[in-house]
**Student:** 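This is the structure, below, for whatever I ask next.
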Amino acid sequence: MTLATAPRRSTAAEAGRAGSARRDHGAWFLVLPALLPILVLSVGPLLYGIGLAFTDAQSGRVQATRFVGLLNFSDLFQDSLFWDSFRIGLLWAFGVTVPQFFLALGLALLLHLNLRLRWLTRALAIIPWAMPEVVVGIMWRLVYHPDAGVLNETLRDLGLSGADGRDWLSGLATALPAVILVGVWAGMPQTTVTLLAGLQNVPHELHEAAAMDGAGAWRRFRTVTWPAIRPIALAVTALNFIWNFNSFALVYVLTDGGPGGRTRLPMLFAYEEAFRYGQFGYAATMGLAMVAVISVLLACYLVGRLKGEDDR
C-alpha cells in the first residue's frame, strides 16, 4: 500500500513545485516594469562609476582610457583637500540633521494639536519642501545680501552694531553656519510631515489612560508618544543624514563651495574635479569613497534597528 501511494505523493509534490515556479515567474513579470528603470538609471550608472574609478579617464583626451588599478585611491588618501571637504561634509550633515529633527518634532507636535485653522498651518508648513533647491538658494542669497538683504536690514533696524554691509555668505566664520541655517529651513517640512504621520497613528486612548493615571505632558510624551514614533524618527534621521551628506544644489547656488573652501562639500569637490578639471576617473574615485562611507553608516543603522527589534 505504501509503495502504491508513494508515486502519487511524488507527483503531487512535483505539481506543487511547478505551480510555485509559475507563480514566481508571474511575480517577476509584474515587478519587471518597476525593476527595469532602477537597473537602467541606478544600478547601471553605479557599476559604470565603479569601473571608471579604476581608470585615468579625462575629458578631451585623445589617447584611450587606461586601467590604473588602485592609483586613484592612493592619490585620494593623500589628498588633504578632499579630506577637508569630507570633514566639512560631516559637519554640514550633522549640523543640518540634528536641529532639523528637533525643530521638526516640535512643529509636528504643535500641528498635531486640535488648533483653529490647523489645515492652513499644515499647508504653510510644507511650502519650503515644495520649492526647488535652486529657488531656495537664490531666495536666501537675497536674504543674506550685504546691502539690501532682509537680515542686515533687520539688524540695522534693531540698532545692532556691525550689521552694515556684512556679507554672511562670504565671511570665513559665518559662511558655513549661514548655509546650515538654510539647509535646516529647507529640509524641516519633510521631517515634520513624516513625524506628524507617525503621531497620528498613536492611539488617543493611550494618552487618555496615561492622563487618568496622573501623567503630565512630558511623561506622556516619554512613555507613550516617543516609543510609538521612535522607529519612524530613527528612519527619517538616517535618511536625512544621507541626503544632507550628499547635498549639492543648495550649497552650489549659495556659495559654490566658498569662501576659501569653507563650504566645499565632498559632492561639490567631486563635481569640480569632473566637470571643471575634467578628471572623470579621479572624481569617480571620490564618489565611490562617499558611497562606501554612506553604506557603512547605513549598515550600522540597520544592524542597530534589527538588534533593537530582537531585544523587544
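Worth saying up front: this structure is predicted, and the values here are computed from it rather than measured.
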**Student:** Is it true that, when you exclude Arg141 itself, more than 12 heavy atoms of the residues, nucleotides or ligands shown sit nearer than 6.0 Å to its CZ?
**Tutor:**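 Check fails, neighbour count at 12 or below.
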**Student:** With a 4.5 Å limit on heavy-atom distance, are the side chains of Tyr144 and Val182 in contact?
**Tutor:**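 Yes, their side chains come closer than 4.5 Å.
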**Student:** State which residues pass salt bridge (Lys or Arg N to Asp or Glu O under 4.0 Å) with Asp167; sequence neighbours excluded, sorted by chain then number.
**Tutor:**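 Residues passing salt bridge (Lys or Arg N to Asp or Glu O under 4.0 Å) with Asp167: none at all.
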**Student:** Tell me, do Leu91 and Phe86 make a side-chain contact under 4.5 Å, heavy atoms counted?
**Tutor:**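 They are not in contact (no side-chain heavy atoms under 4.5 Å apart), so the answer is no.
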**Student:** Under a 4.5 Å cut-off applied to non-hydrogen side-chain atoms, are Leu176 and Ile180 in contact?
**Tutor:**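 Yes. Closest side-chain heavy atoms under 4.5 Å.
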**Student:** Does Ser85 use its side chain to pair, donor to acceptor, with the backbone of Phe82 at less than 3.5 Å?
**Tutor:**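 Indeed, once roles are kept as given, a pair shorter than 3.5 Å links the two residues.
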**Student:** Under 3.5 Å, side chain of Thr194 to main-chain N/O of Gln190, donor-acceptor pair present?
**Tutor:**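 Confirmed, Thr194 side chain pairs with Gln190 backbone.
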**Student:** Indicate whether the side chain of Asn240 and that of Thr97 have a donor and an acceptor atom separated by less than 3.5 Å.
**Tutor:**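 No pair is found: no donor N or O on one side chain lies under 3.5 Å from an acceptor on the other.
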**Student:** Give the C-alpha distance, both sets of side-chain angles, the deciding distance and a yes or no for side chain to side chain contact (heavy atoms under 4.5 Å, CB included) between Trp140 and Trp185.
**Tutor:** CA-CA 10 Å; Trp140 277 90; Trp185 181 85; 3.4 Å; yes
**Student:** Less than 3.5 Å apart, any donor N or O on the side chain of Thr263 or Thr255 sitting next to an acceptor on the other?
**Tutor:**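 Yes, side-chain donor-acceptor contact under 3.5 Å.
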**Student:** Tell me, please, which residues at least two apart from Arg66 pass side chain to side chain donor-acceptor pair (under 3.5 Å).
**Tutor:**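 Arg66 satisfies side chain to side chain donor-acceptor pair (under 3.5 Å) with Asp56 only.
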**Student:** Val136, Leu142: one ILVMFWY side-chain cluster at the under-4.5 Å cut-off?
**Tutor:**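 Val136 does not cluster with Leu142.
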**Student:** Within the 4.5 Å heavy-atom criterion, are Val134 and Tyr252 side-chain neighbours or not?
**Tutor:**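 Side-chain contact under 4.5 Å: no.
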**Student:** Could you tell me whether the side chain of Met131 reaches within less than 4.5 Å of the side chain of Met139, counting heavy atoms only?
**Tutor:**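 Met139 reaches Met131 side chain to side chain.
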**Student:** Can you tell me if Thr285 uses its side chain to pair, donor with acceptor, with the backbone of Ala53 under 3.5 Å?
**Tutor:**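 Yes.
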**Student:** Connecting only ILVMFWY residues whose side-chain heavy atoms lie within less than 4.5 Å of each other, what is the rest of Val193's hydrophobic cluster?
**Tutor:**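 Hydrophobic cluster check, Val193: joined to Ile126, Trp129.
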**Student:** Under the side chain to side chain contact (heavy atoms under 4.5 Å, CB included) criterion, do Phe248 and Leu265 qualify, and how do the steps go?
**Tutor:** CA-CA 8 Å; Phe248 172 79; Leu265 306 183; over 6 Å; no
**Student:** Say whether, by atom type as modelled, one donor and one acceptor occur between the side chain of Asn152 and the main chain of Pro146 under 3.5 angstrom.
**Tutor:**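 Present.
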**Student:** I want to know whether Phe94 and Phe241 have ring centres closer than 6.0 Å.
**Tutor:**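 Close enough - the centres of the two rings lie under 6.0 Å apart.
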**Student:** Does any part of the side chain of Tyr48, heavy atoms only, come nearer than 4.5 Å to the side chain of Val43, both counted from C-beta?
**Tutor:**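 When only atoms from C-beta onward are counted, Tyr48 and Val43 do not touch, as no gap falls below 4.5 Å.
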**Student:** Has Trp243 got more than 12 heavy atoms of other residues, nucleotides or ligands less than 6.0 Å from its CH2?
**Tutor:**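 Result for CH2/Trp243: open.
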**Student:** For Gly261 versus Ile88, what's the shortest heavy-atom pair and its separation?
**Tutor:**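 Here Gly261 and Ile88 meet closest at O-CD1, 3.1 Å.
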**Student:** Just so I know, are the side chains of Met188 and Leu107 near enough to count as touching, which here means a heavy-atom distance under 4.5 Å?
**Tutor:**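 SC-SC contact between Met188 and Leu107 confirmed.
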**Student:** Checking the side chain of Ser74 only, and the main-chain atoms of Leu70 only, is there a donor and an acceptor separated by less than 3.5 Å?
**Tutor:**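 Such a contact is absent between Ser74 side chain and Leu70 backbone.
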**Student:** Check whether NZ of the Lys or CZ of the Arg Arg87 lies under 6.0 Å from the centre of the six-membered ring of Trp83 and within 45 degrees of that ring's axis.
**Tutor:**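 Verdict for Trp83: no cation-pi partner in Arg87.
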**Student:** Assign the ring pair Tyr271 / Phe275 to parallel, tilted or perpendicular, where the plane angle (0 to 90°) is split at 30° and 60°.
**Tutor:**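 Tilted, since the angle between the ring planes falls between 30° and 60°.
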**Student:** So does Leu172 get a backbone contact from the side chain of Arg262, meaning a donor-acceptor N/O pair under 3.5 Å?
**Tutor:**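 Between the backbone of Leu172 and the side chain of Arg262 there is a qualifying donor-acceptor contact (under 3.5 Å).
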**Student:** Is any side-chain heavy atom of Gln100 closer than 4.5 Å to a side-chain heavy atom of Asn244?
**Tutor:**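 Contact flag for Gln100/Asn244 side chains = yes.
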**Student:** Are Phe54 and Phe73 close enough, and set up right, to give a ring pair (Phe, Tyr, Trp, His ring centres under 6.0 Å), and what steps lead you there?
**Tutor:** CA-CA 8 Å; Phe54 296 92; Phe73 293 91; 5.2 Å; yes
